[in-house]
Amino acid sequence: MAEQYTHISEVHSPHTSSTVPSTGAQYTAKQLSEELDIASPTLRTRWFPWLVKVAPEQLLKTDNGYTEFARTLFRELKEIDPSERSAWVVDAKHRYSQEWESAGVIEGELMPESVGGTLATINTQNTSAELAIQAELEQLEGFISGIQQAEANFSEAELATFRASGAHRGIARFKVETQAEIDTVNLLRKKRMEG
């Protein structure tokens with residue numbers, strides 16, 4: 001699985017001002033724990049879960065051991081106060097995810113196929129919806145343009161007649177709706193009194 005991510009040739013570490021290979025050199029938990037002066041179980045069970053919150057596991061660990069990228073993150077984590085780790089995760093994820101994108105990798109490529117397929121379906125549906133909305137907006141703009149053109153072609157007297165006609169229809173509609181509402185309320189009150 002890791003070989004499909006080997007096209008990420010390097011990840012920039014803002015703290016060291018150097019470029020850190022994300023694959024390549026492999027380190028065992030023992031080697032890293034000695035370098036960081038912590039116990040191997042602490043590295044594997046307490047620290048590594050923090051790294052997985054920052055980057056996909058495929059970029060941190062392979063069958064051969066931990067990657068150089070994982071080593072870089074372990075070294076950063078060592079410098080972070082335990083109470084500040086959540087903030088470090090947010091910051092590190094932001095910093096390094098930009099590097100993955102610049103290297104041509106998006107997080108979707110690092111997800112299981114089922115999740116990636118679902119995201120692709122959602123993206124397709126969203127794109128279709130956006131295109132439909134765009135088409136409807138263009139039709140609406142055409143309709144508005146047509147109305148403006150029609151208004152420009154009518155004289156003021158004709159426009160006044162149309163407005164008066166629209167006002168009469170509005171008043172008639174209001175009367176019908178209001179009368180129907182009053183009749184319904186009265187009928188319901190009558191039924192309640194009878195019951």
Side-chain angles (χ1 to χ4, degrees), residues 1-138 140-141:
M1 185 97 174
E3 56 273 0
Q4 82 183 78
Y5 304 109
T6 56
H7 67 280
I8 304 174
S9 58
E10 50 192 22
V11 175
H12 178 71
S13 173
H15 294 298
T16 61
S17 299
S18 65
T19 302
V20 180
S22 63
T23 57
Q26 303 293 312
Y27 301 90
T28 65
K30 183 179 180 194
Q31 288 172 320
L32 290 174
S33 65
E34 287 174 1
E35 178 183 335
L36 299 167
D37 196 28
I38 61 166
S40 290
T42 300
L43 182 116
R44 287 191 306 270
T45 61
R46 292 188 185 169
W47 286 25
F48 189 67
W50 285 103
L51 270 59
V52 173
K53 291 179 182 182
V54 172
E57 188 170 346
Q58 297 92 330
L59 296 178
L60 302 171
K61 190 175 180 185
T62 69
D63 292 337
N64 299 325
Y66 295 97
T67 65
E68 183 68 33
F69 182 42
R71 179 177 175 244
T72 300
L73 291 177
F74 278 129
R75 292 171 75 179
E76 282 187 27
L77 185 62
K78 181 178 178 162
E79 302 299 319
I80 302 299
D81 185 272
S83 65
E84 304 279 324
R85 287 183 178 164
S86 293
W88 172 78
V89 165
V90 172
D91 176 62
K93 185 171 187 166
H94 175 74
R95 284 184 285 122
Y96 289 111
S97 66
Q98 290 177 345
E99 295 294 334
W100 302 331
E101 290 170 7
S102 70
V105 177
I106 59 171
E107 286 191 54
E109 291 177 341
L110 305 171
M111 294 181 184
E113 282 186 34
S114 60
V115 175
T118 302
L119 290 175
T121 301
I122 290 170
N123 284 340
T124 301
Q125 290 171 346
N126 287 344
T127 301
S128 297
E130 288 171 6
L131 291 174
I133 289 169
Q134 184 62 34
E136 288 178 22
L137 285 173
E138 288 173 5
L140 181 60
E141 287 175 5

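When reading the values below, keep in mind they use all heavy atoms of this one structure, side chains included, and skip hydrogens, waters and symmetry mates. Just so you know, these numbers come straight off a predicted model, no measurement behind them.
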Who pairs with Tyr27 by ring pair (Phe, Tyr, Trp, His ring centres under 6.0 Å), at least two apart in sequence or on another chain? none

Using side-chain heavy atoms (C-beta onward) and a distance below 4.5 Å, is Leu51 in contact with Tyr66? no

Applying side-chain hydrogen bond (donor to acceptor under 3.5 Å, both in side chains) to Asp81 and not counting sequence neighbours gives Ser83

Side-chain contact test, heavy atoms from C-beta onward, threshold under 4.5 Å: evaluate it for Trp88 versus Val54 and give yes or no. yes

Scanning both residues in full, the closest heavy-atom pair of Gln26 with Thr62 reads OE1-OG1, 2.7 Å

Counting only heavy atoms from other residues, nucleotides and ligands, does the tally under 6.0 Å from NZ of Lys78 exceed 12? yes

Just how far is it from atom CD of Glu79 to atom CG of Leu36, taken to the nearest 0.5 Å? 9.5 Å

Provide the full list of side chain to side chain donor-acceptor pair (under 3.5 Å) pairs with a residue in residues 40-55, sequence neighbours left out, each pair given once. Ser33-Ser40

Inter-residue atom distance Asp91.CG - Arg85.CZ, 0.5 Å rounding: 15.0 Å

Who passes salt bridge (charged side-chain N to carboxylate O under 4.0 Å, His left out) against Glu35, sequence neighbours left out? Arg71, Arg75

Listed partners of Glu34 passing side-chain hydrogen bond (donor to acceptor under 3.5 Å, both in side chains), at least two apart: none

When the ring planes of Phe74 and Phe48 are compared, do they come out parallel, tilted or perpendicular, using 30° and 60° as the limits? tilted

Do the non-hydrogen side-chain atoms of Leu59 and Thr67 ever get within less than 4.5 Å of each other? no

